[in-house]
Amino acid sequence: MTSTAPRPPQDPPAGPSAGPAVALTEVRKTYGASRAVDGVSLTVERGEFFGLLGPNGAGKTTLVEIMEGQRRADSGTVAVLGESPWLRNTALLPRLGVQTQASAFFVRLTAREHLATVAALYRCDAAAAERTLASVGLTEQGDTRVDDLSGGQRQRLAIASALVHDPELIFLDEPTAALDPQARRSLWQVLRDLKGQGRTIVYTTHHLDEAEALCDRVAIMVAGRVAALDSPGRLIAAATPTTRLLVPAGRLTPEQARAIEAVDRVTEEGGSLVLETLAAGRVLAAVDAITGLQGVQTRTASLEDVYLELTGTGTGAPQP
């Protein structure tokens, strides 16, 4: 006789705004004796621009590939948009956008044709390709063959290829690598526009200034572990409070500088006398009384200083 007992109620499927975009708990991945990812736990909230920083070999790429479903974690739990990305979750793939350092292009096609082809693979119409081309500032280059685009334009096209199907979560792997300063700053605006649209972005970079400018939060990885995780502002605020005053050479002698109350250290660097202090206002007033403040620069801690201290890759000099 078939049971007619009512089934227990089922939880409704997670909606597009339910839970974090990424949730990792004690994720580990080893290659032989090397621990590429060693117990990483973190979350990326919906709509967050999240930076993943660290020196080469810190485990960033492996961790991102685990999130994307390209690699399987040895242990721990991985949830991406509420689902497990492994084994190559085909239902999840259309919800993800991925831009890699070595993006593949249909180089004999024009930029517009390339993007229309990618859109068709996701069953999107040509209008989606045209909108995305405009969103990254490539409309004027739409009829240019991909192999004739500049490096910066190709990077924009790579990002457009990751966006054309309107994914919920975007992975950007060093999108400004190898670009000249002008092209890099131009691409920053594209990234700011994505952030302004409320996209969820997981982003790796070696450019600390751009992570400081763009990211809501950053995780700094060292030897497979997360050494620090917070907003750039809070990480900087928790760093050394020392201020460095750079006085042009010849304006002040080292002996005069050391005699100023509240100067903790005096060094010479790049044609300037550097005064380190915890009381910048008092020291600036003293320098002004001796030689004036024309040409004197004040530098405080930056995200680069925090990074260098945590990774042990150098002493670093605070930036303007």
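The model shown is predicted, which means the values in this text are computed figures rather than measured ones.
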Side chain R154, main chain V146, donor-acceptor under 3.5 Å: yes
How long is the span from the CD1 atom in I159 to the CG atom in L138, to the nearest 0.5 Å? 9.5 Å
Within 6.0 Å of CZ in R192, more than 12 heavy atoms from elsewhere: yes
Using the side chain to side chain contact (heavy atoms under 4.5 Å, CB included) definition, which of the options V218, L310, L229 pairs with L235? V218
Minimal non-hydrogen separation, L214 against F49, with atom names: O-CG, 3.7 Å
Test log, rule side chain to side chain contact (heavy atoms under 4.5 Å, CB included), inputs E48 and V202: CA-CA 8 Å; E48 185 173 27; V202 175; over 6 Å; no
Quick check against the 3.5 Å criterion: does R184 have a side-chain atom that pairs as donor or acceptor with the backbone of T176? no
So do I290 and I260 actually touch side chain to side chain, heavy atoms under 4.5 Å? yes
When rounded to the nearest 0.5 angstrom, what is the spacing between CD in E83 and CG in L92? 5.0 Å
Shortest non-hydrogen contact from L187 to P175? CD2-O, 3.3 Å
Closest non-hydrogen atoms of P232 and D216, given as atom of the first, atom of the second and distance, are CD-O, 3.6 Å
Answer yes or no: is there a side-chain heavy-atom contact under 4.5 Å between V283 and T243? no
Between the main-chain N or O of E26 and the side-chain N or O of S41, is there a donor-acceptor pair closer than 3.5 Å? yes
Can you find a heavy atom in the side chain of R46 that is under 4.5 Å from one in the side chain of L81? yes
With clusters defined by side-chain heavy atoms of hydrophobic residues (ILVMFWY) lying less than 4.5 Å apart, directly or transitively, does V64 cluster with L42? yes
State whether R299 and D305 are salt-bridged, where the test is any N-O pair (Lys NZ or Arg NE/NH1/NH2 against Asp/Glu carboxylate O) under 4.0 Å. no
Taking R251 for the side chain and Q294 for the main chain, is one N or O donor matched with an acceptor at less than 3.5 Å? yes
Tell me whether R145 is salt-bridged to E113, with the criterion being a basic N under 4.0 Å from an acidic carboxylate O. no
Nearest-0.5 Å distance that lies between atom CD in E212 and atom OG1 in T205: 12.5 Å
Side chain to side chain, T43 and R217, heavy atoms closer than 4.5 Å: yes
D180 bridged to R185 by N-O distance under 4.0 Å: no
Nearest heavy-atom contact between R112 and L133 is NH2-CD2, 4.0 Å
CZ (R156) and OG (S186) are apart, to the nearest 0.5 Å, by 3.5 Å
State whether the number of non-hydrogen atoms from other residues, nucleotides or ligands found under 6.0 Å of Q197 atom CD is greater than 12. yes
Would you say Q297's side chain and V247's backbone share a donor-acceptor pair under 3.5 angstrom? no
Transitive ILVMFWY side-chain link V266 to L278, under 4.5 Å: no
Would a single hydrophobic cluster contain both V37 and V222, if residues Ile, Leu, Val, Met, Phe, Trp and Tyr are joined by side-chain heavy-atom contacts under 4.5 Å? no
Verify, without hydrogens or angle tests, whether T277 (side chain) and A279 (backbone) share a donor-acceptor contact under 3.5 angstrom. yes
Determine whether R95 and P167 make a side-chain contact, defined as any pair of heavy atoms from C-beta on separated by less than 4.5 Å. no
Check: T132 main-chain N/O paired with S135 side-chain donor or acceptor under 3.5 Å: yes
Is the shortest heavy-atom distance from the side chain of Q153 to the side chain of L157 under 4.5 Å? no
Would you find a donor on one side and an acceptor on the other, under 3.5 Å apart, between the side chain of T204 and the backbone of E174? yes
When you look at L52 and L63, which way does the side chain to side chain contact (heavy atoms under 4.5 Å, CB included) test go after all the steps? CA-CA 9 Å; L52 198 58; L63 190 63; 4.1 Å; yes
So do the side chains of D264 and T242 get within less than 4.5 Å of each other, counting heavy atoms only? no
Go through the steps to decide whether V80 and N89 satisfy the test side chain to side chain contact (heavy atoms under 4.5 Å, CB included), and finish with yes or no. CA-CA 10 Å; V80 175; N89 187 334; over 6 Å; no
Hey, quick one: are L293 and V263 part of the same hydrophobic cluster, counting side-chain heavy atoms closer than 4.5 Å, chains of contacts allowed? yes
Determine, using the 4.5 Å side-chain heavy-atom cutoff (strictly less than), whether W188 and V136 are members of one ILVMFWY cluster. no
What are the two closest heavy atoms between A134 and T139, and how far apart are they? CA-OG1, 3.3 Å
Quick test of your reading of the model: are R28 and D74 salt-bridged, counting only N-O distances below 4.0 Å? no
H165 side chain vs L96 backbone, donor-acceptor pair below 3.5 Å: yes
What distance do K195 atom NZ and C215 atom SG have between them, rounded to the nearest 0.5 Å? 7.5 Å
Where do T62 and Y31 land on the side chain to side chain contact (heavy atoms under 4.5 Å, CB included) test, with the steps shown first? CA-CA 11 Å; T62 297; Y31 300 103; 3.6 Å; yes
Polar side-chain atom of K60 near backbone of P55 as donor-acceptor pair, under 3.5 Å: yes
CD1 on I201 to CG on L191, rounded to 0.5 Å: 6.5 Å
Between V27 and V78 the two heavy atoms that sit nearest each other are CG2-CG2, 3.8 Å
